[in-house]
Amino acid sequence: FLPLENPGLIIVDEEHDSSYKQYEPAPRYHARDAAVYLAQLHQCPILLGTATPSLESYHNVKSGKYGIVELSERFGGIQLPEIALVDLKEAARKKQMKSLFSSTLLHAMKAVLAKNEQVILFQNRRGYSPFLLCATCGWIPRCKNCDVSLTYHKIFKELRCHYCGYREKELSNCLACSSTHLQIQGFGTEKIEDELQLFLPEAQIQRMDLDTVKSKHGHEKIITAFEAGSVDILVGTQMVTKGLDFDNVSLVGILSADQLLNFPDFRASERAFQLMAQVSGRSGRKKKRGKVIIQVANIDHPVIGFILKDDYINFYGHEVMQRQMLKYPPFYRLIKLTLKHRKAEVVTEGARQLAVRLKKVLGRRLLGPALPMVPRIRNYYLRDLLIKLHKEQDSPVRGKQIILDAVAALQTETAFKSLIVVIDVDPM
């Protein structure tokens with residue numbers, strides 16, 4: 001958005017990254033798409049760089065809209081890392097799991113550390129545990145402002161909501177039945193760091209997630225320490241997947257690929273492929289071929305097969321066929337309407353009436369209203385409507401006007417004057 005008069009070249013690095021999308025507040029733009037439009041305005045070239053293109057960008061390549069330059073080998077001629085799978089179900093059956101780590105991963109880490117080389121472990125969930133569970137009555141501590149469970153952070157001795165920031169002190173007993181049998185369910189980066197210190201007490205371990213990089217130079221300090229070799233194992237969320245280049249990393253471990261693959265979103269497979277491919281690329285970048293160990297329960301998932309072969313082309317073919325059949329991008333444009341109100345009955349009725357108005361014009365192109373994955377955030381109840389417009393057959397200008405007219409008509413009614421309607425074009 002800088003007022004550049006005559007840009008000669010625009011470069012968007014890691015163009016697939018979802019963090020280019022602005023969610024809150026408005027305008028809810030995508031920086032990559034804004035850069036493409038800016039380049040068009042100034043008639044200057046734009047370069048989108050990535051090892052794992054977004055389906056939209058690669059579809060533009062296949063349809064001739066974009067040109068492509070391919071790098072068929074790594075810098076310096078280093079081989080791509082060897083990728084090994086660990087079947088978590090089989091490992092558990094054979095009693096080969098040591099807490100969160102398979103014996104395969106633990107042996108590999110010990111061998112790497114013995115050579116004074118480094119390890120990166122990836123788990124896309126921060127905190128110690130996603131939630132606590134009372135073993136007696138099944139009660140789970142939940143946020144008072146949002147419809148989510150509280151994440152346990154052992155280091156802070158707190159339960160925290162990752163949506164609104166609400167906090168509670170660590171619990172010693174169940175608030176429903178007073179039982180002291182509270183069990184930790186699942187695991188995040190903090191628990192991985194904690195458990196590693198038991199199995200590898202000599203190793204220097206550092207965690208990189210939102211909790212550890214909040215300070216002014218937090219991110220820089222962690223990267224510098226790892227680069228200098230004073231950290232042996234770096235445990236992190238998707239921060240560790242983003243373009244880090246370390247000479248001495250020879251092993252990458254993905255602790256639970258299933259969490260990526262089973263996310264309830266049409267882009268889950270695409271994001272899982274991108275994250276696993278990107279984090280795998282941190283291994284063996286300079287000296288010799290690295291290794292990647294993926295722990296996964298569903299070893300037959302198609303994405304796992306494509307990752308093993310480093311086969312983006314066939315992954316794209318498989319995924320784009322499903323997108324076309326189910327009417328998703330890159331063939332259809334999505335517009336998501338999120339309705340918010342502090343009263344559940346107002347947002348429910350408002351969403352129903354808005355859907356009726358829109359369906360008269362849009363017909364089957366409108367889906368919903370539906371409950372989002374988290375139906376209440378910061379004490380606002382939410383309902384979603386999803387509109388699918390064909391990229392070539394439906395006019396986006398007309399679609400925009402239909403939506404604005406329907407929302408304006410709804411909000412003229414006294415009952416819905418305070419109803420908030422968020423319109424997000426191309427939601428991620």
Side-chain angles (χ1 to χ4, degrees), residues 12 14-18 20-21 30 32-33 36 48-72 80 83 85 124 238 241 254 257-281 292 294 296-336 362-368 370 373 384-396 399 424-428:
V12 182
E14 306 294 3
E15 66 85 24
H16 66 275
D17 202 306
S18 60
Y20 280 120
K21 171 69 178 183
H30 196 297
R32 176 201 61 214
D33 297 344
V36 170
L48 309 180
T50 176
T52 53
S54 64
L55 254 73
E56 287 86 347
S57 292
Y58 201 72
H59 180 71
N60 284 334
V61 168
K62 299 296 279 184
S63 59
K65 189 175 178 181
Y66 291 177
I68 187 169
V69 176
E70 295 181 271
L71 296 175
S72 55
L80 287 166
I83 299 178
L85 281 187
N124 207 26
Q238 58 183 322
T241 71
I254 298 171
D258 300 280
Q259 287 183 2
L260 302 173
L261 296 167
N262 297 323
F263 197 76
D265 184 80
F266 77 93
R267 283 195 173 93
S269 291
E270 179 184 5
R271 286 190 181 135
F273 183 93
Q274 289 166 345
L275 280 169
M276 285 193 276
Q278 290 284 339
V279 76
S280 299
V292 179
I294 300 174
V296 61
N298 184 9
I299 60 168
D300 297 321
H301 196 288
V303 172
I304 296 297
F306 296 127
I307 284 288
L308 283 173
K309 297 173 186 171
D310 188 41
D311 189 356
Y312 177 84
I313 304 300
N314 280 318
F315 165 74
Y316 167 82
H318 174 270
E319 190 68 12
V320 86
M321 184 172 62
Q322 293 193 8
R323 296 274 187 95
Q324 188 167 22
M325 184 172 63
L326 298 171
K327 299 181 178 179
Y328 279 115
F331 304 98
Y332 281 73
R333 164 156 277 176
L334 301 184
I335 302 174
K336 186 168 84 169
L362 296 172
R364 295 177 67 183
R365 286 170 290 193
L366 176 76
L367 300 177
M373 195 166 60
D384 283 346
L385 297 170
L386 188 67
I387 296 165
K388 294 182 176 182
L389 299 178
H390 195 283
K391 281 280 184 78
E392 294 169 5
Q393 296 170 10
D394 296 317
S395 163
D424 188 4
V425 179
D426 301 331
M428 294 291 287

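Counting from 1, the numbers follow the sequence of the chain as shown.
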Checklist entry - Does Ser57 offer a backbone N or O that forms a donor-acceptor pair with the side chain of Tyr66 under 3.5 Å? => result no

Item to check | Side-chain heavy atoms of Gln238 within contact of Leu260, under 4.5 Å | outcome: no

Checklist entry - Taking side chain as C-beta onward, heavy atoms only, is Asp265 less than 4.5 Å from Arg271? => result yes

Checklist entry - Looking only at heavy atoms, which two atoms of Ala257 and Ile294 are closest? And how far apart? => result CB-CG2, 3.8 Å

Checklist entry - So, Arg32 and Glu56, do they make that salt bridge, N to O below 4.0 Å? => result no

Item to check | Gap between atom CD1 of Ile68 and atom CG of Asn60 - 0.5 Å precision | outcome: 11.5 Å

Checklist entry - Any side-chain heavy atom of Phe273 within less than 4.5 Å of one from Asp311? => result no

Checklist entry - Are Tyr332 and Arg323 close enough that some pair of their side-chain heavy atoms sits under 4.5 Å apart? => result no

Checklist entry - If only atom types and distance count, is the side chain of Lys388 paired as donor or acceptor with the main-chain N or O of Leu367 below 3.5 Å? => result no

Item to check | Heavy-atom pair of closest approach, residues Pro427 and Lys336 | outcome: CG-CB, 4.0 Å

Checklist entry - Does the Asn314 side chain pair with the main chain of Phe306, one donor and one acceptor, at a distance under 3.5 Å? => result no

Checklist entry - So do His59 and Pro329 actually touch side chain to side chain, heavy atoms under 4.5 Å? => result no

Item to check | Quiz item: cation-pi between Lys391 and Phe331, 6.0 Å / 45° | outcome: no

Checklist entry - Is there a side-chain contact between Gln324 and Gln322 (heavy atoms, below 4.5 Å)? => result no

Checklist outcome for this item: From the list Asp426, Leu386, Asp424, side-chain contact (heavy atoms from CB on, under 4.5 Å) partner of Leu334 resolves to Leu386

Item to check | Main-chain N/O of Leu55 paired to Glu270 side chain as donor or acceptor, under 3.5 Å | outcome: yes

Checklist entry - Do Glu15 side-chain atoms and Ser54 backbone N/O form a donor-acceptor pair below 3.5 Å? => result yes

Next on the checklist: Tell me the closest heavy-atom pair linking Ser269 and His301, and the distance in Å.
Outcome noted: OG-CE1, 3.9 Å

Next on the checklist: Using 0.5 Å steps for rounding, measure from the CG atom of Leu385 to the CD1 atom of Ile387.
Outcome noted: 7.0 Å

Checklist entry - Side chains of Tyr20 and Asp33: does their closest heavy-atom pair fall under 4.5 Å? => result no

Next on the checklist: Restricting to non-hydrogen atoms, name the atom on Tyr312 and the atom on Pro53 that form the minimum distance, rounded to 0.1 Å.
Outcome noted: OH-O, 2.8 Å

Checklist entry - Side-chain contact, heavy-atom cut-off 4.5 Å: Ile254 with Val296? => result no

Item to check | Neighbour count above 12 (heavy atom, 6.0 Å) for Lys21 NZ | outcome: yes

